[in-house]
Amino acid sequence: MPPVFAHGRLRLYLLKLLDEAPRHGYEVIRLLEERFQGLYAPSAGTVYPRLSKLEAEGLVTHATEGGRKVYSITEAGRAELADRSGELADLELEIRDSVTELAAEIRSDVRGAAGDLRRELRAAATASATQVGEEDSWKAAKEELRKARQEWKEQARRAKDESRRAREEAQAARRQAKEAQDRAREEVQRIAGQLQEQFARSGGVLGSLAGAWLGGPATATPPAADADADADAGADRAPGWAADLAPTGDPARDLDRLLDRFRDEVRDAARDRGVSAAQVAEARDHLAAAAARLGTTFAPRP
């Protein structure tokens, strides 16, 4: 039998099922069997250890209802599912291919069984011809052969229906992945618009600060007295700042991570060194200027 799930893919599909609704382990097994039209059903020894591992990783949790554990996906599990939406679409295609291979294997088995049955019926008809007559024997053989053909047609129909269903689910998964990407793109544009509005109100006093922290191109001129110092500080900080944050492939998520790092560093510095009212006022000017610099960075390019 060909493998139904590639390595690590059953784990991802369990998260998808729990994202649809909370379920207990037996319900997960039954649902998988339904998705494969009875062609495949995982054992309890396959499903329950993976649910326990997902719970240990903080991706699912469980509550006891009626003496049974009912598993639910956590926010961390939903985040991983969203990050791997493209992989989930590929998984739906793999499931369709697995179902097709299973159906083909069943058809092959049915053909082989029908061929064996045909040979056995012919041999039985030949052996019994002298006792019950050749005509009656062949009638019985033809009836058995008709039943075998009917069974093969039924198996082929089920395989075709499952293949169609898997194809439809894969198409739906691709649509969901595209919608998620569109929503992420719209969110980035919304954030950029908000930043531009803030930047317009601030007047772009210290755009070089944004370049120092985020490595963007310079568009605003710092105060004359501090221009050289700010430029040196930006040159020292920009190339290596936040270099440990590897790109995720999702621009909106990468931007959120950079903003989180910026906020944490400023907050830690204020907590460790103290902050006065005058420093808060100066920080406001710096942040306004950084916002102006970022507004230019996110502006539509010709």
Side-chain angles (χ1 to χ4, degrees), residues 1-110 154-180 248-250:
M1 176 180 295
V4 177
F5 290 99
H7 178 68
R9 294 300 181 89
L10 177 56
R11 175 180 183 276
L12 179 60
Y13 205 69
L14 290 177
L15 286 176
K16 176 184 182 297
L17 294 180
L18 295 180
D19 185 48
E20 295 174 357
R23 309 180 193 279
H24 53 75
Y26 175 75
E27 187 178 6
V28 171
I29 294 173
R30 181 183 56 78
L31 189 58
L32 282 169
E33 184 176 8
E34 289 179 0
R35 295 283 170 93
F36 283 87
Q37 291 292 303
L39 299 177
Y40 165 75
S43 65
T46 297
V47 172
Y48 281 98
R50 283 172 170 80
L51 290 174
S52 298
K53 186 175 181 181
L54 289 173
E55 186 173 18
E57 295 173 359
L59 302 180
V60 304
T61 185
H62 82 270
T64 302
E65 296 180 8
R68 292 190 297 187
K69 291 182 178 180
V70 177
Y71 293 89
S72 303
I73 191 170
T74 65
E75 290 301 319
R78 289 191 178 93
E80 176 167 333
L81 203 58
D83 289 344
R84 301 174 65 186
S85 59
E87 186 178 353
L88 184 59
D90 293 339
L91 176 56
E92 295 287 357
L93 293 176
E94 291 177 9
I95 290 176
R96 185 197 66 183
D97 293 339
S98 295
V99 170
T100 301
E101 291 180 21
L102 288 170
E105 191 171 270
I106 290 174
R107 286 196 297 268
S108 178
D109 292 342
V110 170
E154 179 63 20
Q155 292 285 355
R157 184 192 62 78
R158 289 181 58 188
K160 182 179 180 180
D161 290 345
E162 179 55 29
S163 178
R164 176 186 54 78
R165 178 177 175 180
R167 184 168 57 254
E168 293 172 351
E169 291 180 354
Q171 292 172 349
R174 284 196 295 270
R175 285 195 300 270
Q176 292 174 359
K178 185 178 183 304
E179 291 171 357
T248 66
D250 183 346

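For clarity, every value in this text was computed on a predicted model and none was experimentally measured.
- In this structure, Glu55 CD and Ser72 OG are separated by 10.0 Å, a value rounded to the nearest 0.5 Å.
- A distance-only check finds no donor-acceptor pair linking the side chain of Arg50 to the backbone of Leu14 [under 3.5 Å].
- With sequence neighbours left out, Lys69 forms a side chain to side chain contact (heavy atoms under 4.5 Å, CB included) with His62, Tyr71.
- With rounding to the nearest 0.5 angstrom, the CG atom of Leu88 is 9.5 Å from the CG atom of Leu15.
- In this view, Glu34 and Arg30, Leu31 satisfy the side chain to side chain contact (heavy atoms under 4.5 Å, CB included) rule, not counting sequence neighbours.
- Leu18 CG to Leu59 CG: the interatomic distance, rounded to the nearest 0.5 Å, is 10.5 Å.
- In this structure, Leu12 CG and Glu87 CD are separated by 5.5 Å, a value rounded to the nearest 0.5 Å.
- Classification of Arg165 and Asp161 as a salt-bridged pair fails, no side-chain N sitting under 4.0 Å from a carboxylate O.
- Among residues two or more places apart in sequence or in another chain, the side chain to side chain contact (heavy atoms under 4.5 Å, CB included) test is passed with Arg78 by Asp19, Ile73, Glu75.
- Atom CG of Leu17 is separated from atom CG of Leu10 by 9.0 Å, given to the nearest 0.5 angstrom.
- The minimum heavy-atom distance linking Thr74 with Gly58 is given by the pair OG1-O, 2.7 Å.
- Residues passing the salt bridge (charged side-chain N to carboxylate O under 4.0 Å, His left out) test with Glu57 are Arg11, sequence neighbours excluded.
- Scored by the side chain to side chain contact (heavy atoms under 4.5 Å, CB included) test, Gln171 finds Arg167, Arg174, Arg175 as partners (sequence neighbours excluded).
- Using a 4.0 Å cut-off between charged nitrogen and carboxylate oxygen, Arg158 and Glu154 do not count as a salt-bridge pair.
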Side-chain donor/acceptor pairs under 3.5 Å, residues 42-49, sequence neighbours excluded:
residue, atom, partner, partner atom, Å
Ser43, OG, Thr46, N, 3.3
Ser43, OG, Thr46, OG1, 3.0
Tyr48, OH, Tyr26, N, 3.1

